[in-house]
K.L.:
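Structure incoming, see below.
None of these values were measured; they are calculated from a predicted model. Naming: A, B, ... by sequence-line order, numbering from 1 per chain.
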Amino acid sequence: MRWSQYYLFTTREVPNDAEVVSHQLMVRAGMIRKAAAGIYTYLPLGWRSIMKMMDIVRREMDAAGAVELMMPAVHPAELWRETDRWDVFGDLLLKMKDRNQRDFCFGPTHEEVVTDAVRHDVKSYRQLPFNLYQIQNKFRDEIRPRFGLMRAREFLMKDAYSFHAGADSLDETYEAMRAAYCRVFEDCELEYSMVEAQSGAIGGSASHEFMVLAETGEDAVVSCASCGYAANVEKAECRSLSAAADRSDSEELVEVSTPGATTIADVTGLLGVEADRLVKTLVYETEEGPVLALIRGDRDLNEAKLVSFLGAQHLKMAGDEVVQRVTGAPVGFAGPVGLPQKVRIVADNSIRESSNFVVGANKADAHYTGVNWGRDVDLSEWTDLLLVTGGDGCPRCDGILELHRGIEVGHIFKLGTKYSEDMQCTYLDDQGASHPMTMGCYGLGIGRSVAAAIEQNHDENGIIWPLPLAPYEVLVIALTRKDEQVVEQADRLYEKLIEQGIEVFYDDRDERPGVKFKDADLIGIPVRLVIGARSLAEGQVEVSLRRDGEKILVPVENAIERVLELLAG
RNA sequence: CGGGGCGUAGCUCAGCCUGGUAGAGCGCACGGUUCGGGACCGUGAGGCCGGAGGUUCAAAUCCUCUCGCCCCGACCA
């Protein structure tokens with residue numbers, strides 16, 4: 001493709017609404033254009049990379065035995081009401097009405113639609129298993145779309161759904177999908193990590209996320225270098241923390257005055273104790289009333305763990321009024337001892353084995369010291385509520401966990417029978433007995449993967465495409481339009497490369513060399529072939545890789561050969 | 001949705017505090033000089049200052065309301 005005939009406009013300025021580097025570079029390189037918050041046009045150059053990603057995903061899905069189909073983007077509300085998700089998904093569902101005021105939504109995911117199709121078509125265990133996938137625009141009315149394609153409201157996703165007669169069959173497909181996802185991200189040359197994950201709103205039992213490691217990732221993951229354990233911090237476990245306080249339980253319960261000390265830092269400063277001697281008391285609201293959660297003062301609580309322990313539908317930090325009502329004190333002085341009313345208390349294992357803690361006294365400007373479980377307060381509900389972080393002990397071996405940031409580019413779930421039960425998607429077994437089908441589902445963010453690739457592959461001058469995702473493989477630059485020799489040779493080499501089946505982009509614009517080099521760096525095409533008057537006078541052209549920039553002068557007649565060599569790696 | 005910030009030319013921004021008829025750089029068009037890492041000179045086009053209402057002789061500027069966008073939190077491929 002000749003640039004002069006293409007639709008590509010780069011910019012020098014970084015757009016004022018782009019925060020992360022992949023977003024900035026995609027806009028500057030003329031790959032995407034924003035239509036509204038989280039809603040983008042994929043411009044021709046961007047669309048090519050997106051299509052490359054889709055091709056890779058298709059190839060691996062097909063190879064893993066999945067079958068492609070295309071489901072509607074618009075879903076009737078009735079299907080979503082069958083699983084209750086019309087309400088559970090909440091405002092994330094982009095809803096609309098048709099002319100008859102019937103409710104519809106734009107599909108954010110397709111469990112309902114695919115299950116509806118399957119329950120009509122499939123009746124027998126003999127027809128199982130199968131795995132259906134599509135690549136389609138999804139719609140989620142995100143509370144906060146951001147970072148360009150990283151969290152968009154309309155975004156391309158590959159979603160697959162497998163149906164089985166029983167868990168063993170699901171396990172096989174799940175494993176095949178896991179392997180296929182690994183191949184996809186390896187094919188893209190991305191540095192990624194598969195981690196244990198929380199299954200979230202989609203539901204189900206086991207689930208794994210595929211994380212591209214990047215500073216700007218919105219997720220945190222921990223991993224163990226010794227045994228390979230890796231998990232999203234939402235899900236991660238760790239070895240029990242070493243006992244924080246002495247075990248003597250000799251100290252007496254004493255109320256101490258702590259005026260204005262509403263934070264852990266305030267209290268440790270005032271009392272001269274370490275933060276791990278404090279117990280943080282967090283007040284949460286659930287649909288079944290308030291709950292207190294206790295955790296060691298130097299650590300954070302993992303709300304996902306609390307939710308699943310409580311089995312709650314909704315969980316949020318209590319507001320000031322609720323805290324006042326439940327503890328009888330303003331925010332900052334809550335504690336488990338001497339509460340004005342009976343409240344459910346859940347305590348983290350991190351504080352179970354230790355004693356002589358400091359807690360809030362449930363009145364303004366006061367804390368207790370020397371608190372001991374059993375003697376001063378009875379705690380019956382113990383569980384793991386810890387938000388694991390770097391430096392914690394690996395739960396599987398004696399290694400130490402490292403903390404990384406990651407971009408969630410894929411997520412696979414064992415759904416079990418959650419949807420098939422709600423929607424009566426059943427089959428008859430060989431005894432003629434009816435069972436709900438066992439399901440799996442497998443999502444992969446197309447645009448997000450491309451954005452993640454840029455996060456991982458760029459420098460101060462622009463994108464450095466991994467070859468498999470590059471919009472074109474080779475960029476031919478005619479450094480000037482004024483020199484007939486240069487133009488003639490560049491045209492010829494461009495045609496030759498096309499004949500070789502190479503995807504080649506040709507900068508044939510009448511621009512100054514500096515502009516062309518800057519743009520070349522920005523759009524990041526992996527292999528560059530420069531034809532300039534100076535070297536051509538000596539019968540040479542210049543071949544280089546975007547990644548290292550090292551320029552090799554080669555005789556014109558060897559140029560194609562060298563380019564092919566570089567492409568081959 | 002809570003907290004913060006911003007809407008002025010295609011892009012990045014100044015002007016606003018202290019009201020007086022709209023600015024710069026880049027980009028774009030034309031002419032000229034240039035031509036291996038975003039050249040230079042000249043000329044020019046381009047803005048109901050996000051929208052509505054109000055105060056005022058006079059509003060980009062002050063006030064009210066609205067819409068949009070961005071950042072921090074809960075959500076997720």
K.L.:
For A/Glu542, which contact category applies under a 4.0 Å heavy-atom criterion: base, sugar-phosphate, or nothing?
P.N.:
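Base, at least one base heavy atom under 4.0 Å.
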K.L.:
Check for me whether the distance between the ring centres of A/Phe185 and A/Phe210 falls short of 6.0 Å.
P.N.:
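Here the rings of A/Phe210 and A/Phe185 have centres that are less than 6.0 Å from each other.
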K.L.:
Between A/Asn16 (CG) and B/G5 (C1'), how many Å, whole number?
P.N.:
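Rounding to the nearest Å, CG of A/Asn16 and C1' of B/G5 are 12 Å apart.
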K.L.:
Within the 4.0 Å heavy-atom criterion, would you say A/Asp91 contacts the bases, only the backbone, or no part of the nucleic acid?
P.N.:
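Touches nothing.
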K.L.:
Do A/Glu13 side-chain and B/G38 base share a donor-acceptor contact under 3.5 Å?
P.N.:
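By the distance-only test, no, there is no pair.
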K.L.:
Can you tell me the Watson-Crick or wobble partner of B/G23, both distances under 3.5 angstrom?
P.N.:
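By the stated definition (distances under 3.5 Å), B/C13 pairs with B/G23.
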K.L.:
Looking at A/Arg151, I'd like to know whether one of its side-chain N or O atoms comes within less than 4.0 Å of OP1 or OP2 on B/C71.
P.N.:
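Answer is no, no contact under 4.0 Å.
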K.L.:
Do the numbers put A/Arg448 on top of the ring of A/Phe155, so that NZ or CZ is under 6.0 Å from the six-membered ring centre and no more than 45° off the axis?
P.N.:
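Negative - A/Arg448 is either too far from the ring of A/Phe155 or too far off its axis.
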K.L.:
Categorize A/Leu92 for me: base, sugar-phosphate, or nothing, with a 4.0 angstrom heavy-atom threshold over every strand shown.
P.N.:
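Sugar-phosphate, no base atom in range.
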K.L.:
Taking the P atom of each, how far is B/G20 from B/G15, in whole Å?
P.N.:
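Per the computed distance, 14 Å lies between those P atoms.
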K.L.:
Under 4.0 angstrom, heavy atoms only, what part of the nucleic acid is A/Pro15 near: base, sugar-phosphate, or nothing?
P.N.:
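Result for A/Pro15 = sugar-phosphate.
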K.L.:
Provide the Watson-Crick or G-U wobble partner of B/U34, both distances under 3.5 Å; none if there is no partner.
P.N.:
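Check on B/U34: unpaired, no WC or wobble geometry under 3.5 Å.
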K.L.:
With both distances kept under 3.5 Å, what pairs with B/G2, Watson-Crick or G-U wobble?
P.N.:
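Matched B/G2 with B/C72 under the 3.5 Å cut-off.
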K.L.:
Within this structure, what is the CG-to-P distance between A/Leu479 and B/A39, rounded to whole angstrom?
P.N.:
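After rounding, the reported distance stands at 13 Å.
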K.L.:
So which nucleotide from B/U34, B/G37, B/C69 ends up closest to the side chain of A/Asp521?
P.N.:
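Nearest listed nucleotide: B/G37.
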K.L.:
My understanding is that a pair needs two contacts under 3.5 Å, Watson-Crick or G-U wobble. By that rule, which nucleotide pairs with B/C49?
P.N.:
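B/C49 is paired with nothing.
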K.L.:
Can you see if the side chain of A/Lys482 gets near the phosphate of B/U34 - specifically, an N or O under 4.0 Å from OP1 or OP2?
P.N.:
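No, no such contact exists.
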K.L.:
In whole Å, measure the gap between the C1' atoms of B/G50 and B/A59 for me.
P.N.:
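The answer is 16 Å between these two C1' atoms.
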K.L.:
Taking NZ from A/Lys138 and C1' from B/C75, how many angstroms apart are they, rounded to a whole number?
P.N.:
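Those two atoms, NZ and C1', are 18 Å apart.
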K.L.:
At what distance, to the nearest 0.5 angstrom, does CE of A/Met150 lie from CD1 of A/Ile454?
P.N.:
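These two atoms lie 8.5 Å from each other.
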K.L.:
Please measure how far the C1' atom in B/C75 lies from the corresponding atom in B/C1, and state the result in whole Å.
P.N.:
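Their C1' atoms lie roughly 12 Å apart.
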K.L.:
Check the distance between B/C70's P and A/Ile143's CD1 and give it to me in whole angstrom.
P.N.:
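For the pair A/Ile143 CD1 and B/C70 P, the rounded distance is 15 Å.
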K.L.:
Do A/Lys518 and B/G36 share a donor-acceptor pair, side chain to base, under 3.5 Å?
P.N.:
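Side chain to base: no pair present.
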K.L.:
Nearest whole Å is fine: how far is B/C69 C1' from A/Ile39 CD1?
P.N.:
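In whole Å, B/C69 C1' lies 13 Å from A/Ile39 CD1.
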K.L.:
Counting the atoms with a prime plus P, OP1 and OP2 as sugar-phosphate, which does A/Ser535 contact under 4.0 Å by heavy atoms, base, sugar-phosphate, or nothing?
P.N.:
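Base contact.
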K.L.:
Assign each of A/Glu142 and A/Lys516 to its nearest nucleotide of RNA chain B by heavy atoms, then name whichever residue's nucleotide is nearer the 5' end.
P.N.:
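The 5'-side residue here is A/Lys516.
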K.L.:
Assuming nearest nucleotide by heavy-atom distance, tell me which of A/Glu19 and A/Glu408 is located more 5' along RNA chain B.
P.N.:
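Checking each residue's closest nucleotide, the 5'-ward one belongs to A/Glu19.
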K.L.:
Using a cut-off of strictly less than 4.0 Å, decide whether A/Arg146 has a side-chain nitrogen or oxygen near OP1 or OP2 of B/C72.
P.N.:
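It does, given that an N or O in the side chain of A/Arg146 lies less than 4.0 Å from OP1 or OP2 of B/C72.
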K.L.:
So with a 6.0 Å cut-off around CZ of A/Arg81, is the heavy-atom count from everything else above 12?
P.N.:
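It does: A/Arg81 CZ has more than 12 such atoms within range.
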K.L.:
In whole Å, I'd like the distance from the CG atom of A/Asp17 to the C1' atom of B/G68.
P.N.:
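Those two atoms, CG and C1', are 12 Å apart.
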K.L.:
Looking at B/C28, which nucleotide sits across from it as a Watson-Crick or G-U wobble partner, both distances under 3.5 angstrom, or is there none?
P.N.:
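For B/C28, the partner nucleotide comes out as B/G44, under the 3.5 Å rule.
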K.L.:
Flag the pair A/Asp521 / A/Arg528 as yes when at least one side-chain heavy-atom distance between them is below 4.5 Å, and no otherwise.
P.N.:
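Counting from C-beta outward, A/Asp521 and A/Arg528 do come under 4.5 Å.
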K.L.:
Answer yes or no as to whether B/A77 has its base stacked against A/Phe155, where stacking requires a ring-centre separation under 5.5 angstrom and planes under 30 degrees apart.
P.N.:
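The ring of A/Phe155 is stacked on B/A77.
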K.L.:
Identify which nucleotide among B/G37, B/A77, B/C70 has an atom closest to any side-chain atom of A/Met157, counting heavy atoms from C-beta outward.
P.N.:
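Selected nucleotide: B/A77.
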K.L.:
With rounding to whole Å, what would you report as the distance between B/G51 and B/C69 at their C1' atoms?
P.N.:
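15 Å, rounded to whole Å.
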K.L.:
Does B/A77 have a Watson-Crick or wobble mate here (both distances under 3.5 Å), and if so which one?
P.N.:
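Check on B/A77: unpaired, no WC or wobble geometry under 3.5 Å.
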K.L.:
Select base, sugar-phosphate, or nothing to describe what A/Arg28 touches, counting heavy atoms under 4.0 Å on all strands.
P.N.:
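Base, at least one base heavy atom under 4.0 Å.
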K.L.:
I need the A/Leu93 CG to A/Phe139 CZ distance, nearest 0.5 Å.
P.N.:
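If we round to the nearest 0.5 Å, A/Leu93:CG and A/Phe139:CZ are 12.5 Å apart.
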K.L.:
Applying a 4.0 Å non-hydrogen cut-off, can you work out what A/Asp519 is touching in the nucleic acid: base, sugar-phosphate, or nothing?
P.N.:
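The residue A/Asp519 makes base contact.
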K.L.:
What class does the angle between the rings of A/Tyr7 and A/Phe9 fall in, given that below 30° is parallel, 30 to 60° is tilted and above 60° is perpendicular?
P.N.:
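Ring orientation of A/Tyr7 relative to A/Phe9: perpendicular.
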K.L.:
Round to a whole Å and report the spacing from CG of A/Asn302 to P of B/C75.
P.N.:
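From A/Asn302 CG to B/C75 P: 10 Å.
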K.L.:
Should we count CD of A/Glu68 as having more than 12 external heavy atoms under 6.0 Å?
P.N.:
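More than 12 within 6.0 Å, yes.
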K.L.:
Find the partner of B/A60: check Watson-Crick (N1-N3 plus N6-O4 or O6-N4) and G-U wobble (N1-O2, O6-N3) distances, both under 3.5 Å, and reply none if neither fits.
P.N.:
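Paired with B/A60, as far as the under-3.5 Å criterion goes, is no nucleotide at all.
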K.L.:
So A/Val409, base contact, sugar-phosphate only, or nothing? Heavy-atom distance under 4.0 Å.
P.N.:
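Sugar-phosphate, backbone atoms only, no base.
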K.L.:
Using only side-chain N and O atoms of A/Arg144, determine if any of them is under 4.0 Å from OP1 or OP2 of B/A74.
P.N.:
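No, no such contact exists.
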K.L.:
Taking the same atom, P, in B/U21 and in B/A58, what whole-Å distance lies between them?
P.N.:
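Nearest-Å result for B/U21 against B/A58 at atom P: 15 Å.
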K.L.:
Given B/A77, B/C69, B/G36, which nucleotide is nearest the side-chain atoms of A/Arg534?
P.N.:
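Among B/A77, B/C69, B/G36, the one nearest the side chain of A/Arg534 is B/G36.
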K.L.:
Rounding to the closest angstrom, what is the interatomic distance between B/G47 and B/C72 at atom C1'?
P.N.:
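The answer is 33 Å between these two C1' atoms.
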K.L.:
What nucleic acid atoms does A/Ala152 come within less than 4.0 Å of, heavy atoms only: base, sugar-phosphate, or nothing?
P.N.:
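Touches a base.
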K.L.:
Give none if B/U55 has no partner; otherwise give the nucleotide forming a Watson-Crick or G-U wobble pair with it, both distances under 3.5 Å.
P.N.:
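Pairing partner: none.
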K.L.:
Give A/Gly410 one of three labels, base, sugar-phosphate or nothing, depending on what nucleic acid heavy atoms sit under 4.0 Å from its own.
P.N.:
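A/Gly410: backbone/sugar contact only, no base atoms under 4.0 Å.
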K.L.:
Flag the pair A/Lys95 and A/Asp141 as a salt bridge only when some basic side-chain nitrogen lies within less than 4.0 angstrom of an acidic carboxylate oxygen.
P.N.:
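Looking at A/Lys95 and A/Asp141, the cut-off is not met.
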K.L.:
With rounding to the closest Å, how many angstrom separate the C1' atoms on B/G53 and B/G42?
P.N.:
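Nearest-Å result for B/G53 against B/G42 at atom C1': 46 Å.
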K.L.:
Is the phosphate of B/U12, meaning OP1 or OP2, less than 4.0 Å from a side-chain N or O of A/Arg12?
P.N.:
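So the side chain of A/Arg12 is outside the cut-off, no N or O lying under 4.0 Å from OP1 or OP2 of B/U12.
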K.L.:
Hey, can you tell me if A/Tyr40 and A/His23 have their rings parallel, tilted or perpendicular (30° and 60° cut-offs)?
P.N.:
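Plane angle over 60°, so perpendicular.
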K.L.:
In whole Å, measure the gap between the C1' atoms of B/G31 and B/U61 for me.
P.N.:
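Result for the C1' pair: 40 Å, nearest Å.
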K.L.:
For the pair made of OH in A/Tyr442 and P in B/C76, what is the distance, rounded to whole Å?
P.N.:
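Going from OH in A/Tyr442 over to P in B/C76 covers 20 Å.
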